[in-house]
Structure formats: C-alpha cells, structure tokens
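See structure below.
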2 protein chains.
Amino acid sequence: MTKYEKRIYEIVNQSSSHMTVEQIYQILKADFPSVVLATVYNNLNKLYRDRLINKISVEGLPDRYDRIVKHDHIVCRNCGKLTDIQFDDLTDTLKKQFGTDFLFYDLKVFYVCPDCRKKLGADKSDHRHTNRMD
Amino acid sequence: MTKYEKRIYEIVNQSSSHMTVEQIYQILKADFPSVVLATVYNNLNKLYRDRLINKISVEGLPDRYDRIVKHDHIVCRNCGKLTDIQFDDLTDTLKKQFGTDFLFYDLKVFYVCPDCRKKLGADKSDHRHTNRMD
DNA sequence: ATCCAATATTAGAATTATTCTAAAATTATT
DNA sequence: AATAATTTTAGAATAATTCTAATATTGGAT
C-alpha cells in the first residue's frame, strides 16, 4: 500500500464517511498538496476492486465511498443526505430465490429527512426529486 | 404531449425496455431523423419529473429508463444485463420503521446471469465488477 | 549499494454523459 | 392573425471520469 492508498483508505473509513471523490481529494491535499485528482480516482478504483471499500451510487448524485460494513442506506430525496440504517438481512431469502449465482444486494430507502421536513413545512406534496413511487 | 414525448413514452413502455438515452435516441431517429439528443434528454427528464416513467441507476452503468410497474431488478455483475424480478414488498415494513416521511425504496439484486455463468465456467471466483460482498 | 523490473504518479488530453443557452420553430390562446 | 407559451434545435459548457504516455518511485535480486 502506498502512502496515498493508505491515506485514502483511512479517509473513507472515518466516521464522517460517505465522501465524494472531490471531498476525498480536498482532504488528501491537506496532507499531500501536490497530489492530483487522477491519483484519487486510481486509488479509489483499486481499493474498490480489491473490495477494501464500497461505492455508493444514488441516481442524480455523485458516487460516494463507504467503509465495508454490512448496512443499508437511507437517502433524503430533497437534499441527498445519506445515512446508514440497519434493516433486515435479505441475503438468505434472496439466495433461496436466486440460487448460488446470487452475489449481493443493494437496498436504498428514500425519505424526507427531518431537516428538510422542517423546511418544507407540513406540506408533504413537495417531492421534487422523487423518482419512483411504485 | 408532443410527438417526441409521446413516442419516447411508447419506446420506454415497450417490452424490450430498460433502455439507455442513446438507445432511445437511435430508435427515435428511425421515425424522426432530424431529432436531436438534447430533445431526448428534455423529454425523458420531463416524463421522469411527471412520474410517467422510472429511471434505473446502477453503479458503473449508464442510466436506463423503465415503465412504471412495481417490481425490482436483478443485475448481472458481469455483463450488466438487467431483468425485472418480483420480490416481497418491503413498503409496510419500511413505513413502520421510518415513519410517514418514507417515500419509496430501491432494491437491486446482483448475480451472475446464466449466459455469463456458462462463459465463466464452473469457476465462481471471477467477480470483476463486484462492488459489495457484505 | 546498484541495477532492473514492476508499479504508481503525474499532467493533460480525451471521453462520456449531461445540462445550459439563446435562437428558431411550433403550438396554443385570445 | 397576433401574441404568448412551449418545444426544439445547435452548439457551447460542464462535470465526472478515463486514458495515455512520460516520469518517478518502490521493491526485489544480485
């Protein structure tokens, strides 16, 4: 592991996780001012390939990186804020249904976070960014 | 509804759905050779905003569009092929857990499709595109 | 320690997906 | 028909990401 890879791994594993490439780049620059964005991409891709970190993709938002811990995510449809949640493990059920070629699953729950609820007021009709109501 | 919007809506609702912007654009050009890519984006965004179609985002793959029907998706981690699946409805459980601000959820199941399984052979160690094993 | 090979980093170009802008065209309204 | 509103167009602009080729660094083997 190179110094960059090591530091990037640390950053992603910090509590204030769920960071974008750009955010990781900014933090890394504090330690290594000469580092280049491509290096961040290279190392994130490598860490991700080697399954040392996770990548979280939400439609309409830039990808974020996460430490490897079994949990799902809840995403505010208004502001995009992403929070870890603990929900029933569906692995066994899915394995039963989809057989041995099942790999893993990705569950994202969409809601309006408390902050946005306040801002939006009692009116629950604002779903500007909502994409799927079924 | 303009002719473009109407036709794009039709295309997305066809059986061979799950199409990318580019694929939709190509089909639309068969009917309207002079149409421009921006028009496809405009209309897809409009249809999506108005919730007449769904958008499917999978990490590493271009967005695809889908008709509005309640179902989840299973995605081959090797070739990206996307197929509709019917899985237990989690809405009630999620509502109970996350309250009235719950909007909807997104469940994607990742696996190796039969075609890729054949190609990859009995060796189940190839997970080139796998991103999350937890 | 020195040389070599392998790997990583850099800078910048290239690509891809998408949005934006302002003008032109189309459609709807009075 | 005149006006207003909306849509389309062309192309520029942006954002995210990958690629390329040169350079630098690192880790063995001698």
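It should be emphasised that the depicted structure is a prediction, and the values quoted were computed from it without experimental measurement.
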With sequence neighbours left out, write down each residue that passes side chain to side chain donor-acceptor pair (under 3.5 Å) with [X], or none if nothing qualifies.
X: A:Thr20; result: A:Gln23
X: B:Arg7; result: B:Glu10, B:Asp31
X: A:Asn45; result: none
X: B:Thr91; result: B:Asp89

Q: Please examine the side chains of A:Lys118 and A:Asp115, heavy atoms only from C-beta on, and report whether any two atoms are closer than 4.5 Å.
A: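 Contact flag for A:Asp115/A:Lys118 side chains = yes.
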**Q.** Set of residues satisfying ring-ring contact (aromatic ring centres under 6.0 Å, His included) with respect to B:Tyr4, sequence neighbours excluded
**A.**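 For B:Tyr4 the ring-ring contact (aromatic ring centres under 6.0 Å, His included) partners, ignoring immediate neighbours, are B:Phe32.
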How many Å lie between [atom1] on [X] and [atom2] on [N], as a whole number?
X: B:Glu5; N: D:dT6; atom1: CD; atom2: C1'; result: 11 Å
X: A:Met1; N: D:dG27; atom1: CE; atom2: C1'; result: 17 Å
X: B:Arg7; N: D:dT8; atom1: CZ; atom2: P; result: 15 Å
X: B:Leu44; N: C:dT18; atom1: CG; atom2: C1'; result: 12 Å
X: A:Asn42; N: D:dT25; atom1: CG; atom2: P; result: 17 Å
X: A:Ile8; N: C:dT9; atom1: CD1; atom2: C1'; result: 11 Å
X: A:Arg49; N: C:dT7; atom1: CZ; atom2: P; result: 12 Å

Q | Members of residues 25-33 of chain A that approach DNA chain C, where some heavy atom sits under 4.0 Å away | A |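 The stretch gives none, as no residue of it lies under 4.0 Å from the strand.
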Can you name the side-chain contact (heavy atoms from CB on, under 4.5 Å) partners of [X], sequence neighbours left out?
X: A:Asp50; answer: A:Lys46, A:Leu52
X: A:Leu61; answer: A:Val58, A:Arg64, A:Val75
X: B:Asn42; answer: none

Q. Under 4.0 Å between a side-chain N or O of B:Thr2 and OP1 or OP2 of D:dT8?
A.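 For B:Thr2, the contact criterion (side-chain N or O under 4.0 Å from OP1 or OP2 of D:dT8) is met.
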**Q.** Side-chain N or O of B:Thr39 closer than 4.0 Å to phosphate OP1/OP2 of D:dT9
**A.**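 True: B:Thr39 side-chain N/O within range (under 4.0 Å) of D:dT9 OP1/OP2.
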Q. Taking any strand in view, what nucleotide pairs with C:dT30 in a Watson-Crick or G-U wobble way, both distances under 3.5 Å?
A.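 Because both required distances fall under 3.5 Å, C:dT30 counts as paired with D:dA1.
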Q: Not counting sequence neighbours, which residues clear salt bridge (Lys or Arg N to Asp or Glu O under 4.0 Å) with B:Asp84? List them please.
A: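 Applying salt bridge (Lys or Arg N to Asp or Glu O under 4.0 Å) to B:Asp84 gives B:Arg67.
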Q. Of the candidate nucleotides C:dG12, D:dT9, D:dT8, which contains the atom at the shortest distance from the side chain of B:Asn43?
A.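 Among the listed nucleotides, the one closest to the side chain of B:Asn43 is D:dT8.
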Q) Relative to the ring of A:Phe98, is the ring of B:Phe87 parallel (under 30°), tilted (30 to 60°) or perpendicular (over 60°)? A)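 Geometry flag for A:Phe98 against B:Phe87: tilted rings.
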For nucleotides 13-17 of chain D, give me every protein contact, N/O to N/O, under 3.5 Å, one pair per line with atom names.
unit_1 : atom_1 : unit_2  : atom_2 : d
D:dT17 : OP2    : A:Tyr41 : OH     : 2.7

(Q) Output one letter per nucleotide in nucleotides 23-28 of chain C: B when a protein non-hydrogen atom lies under 4.0 Å from the base, S when only the sugar-phosphate is that close, - when neither is. (A) ------
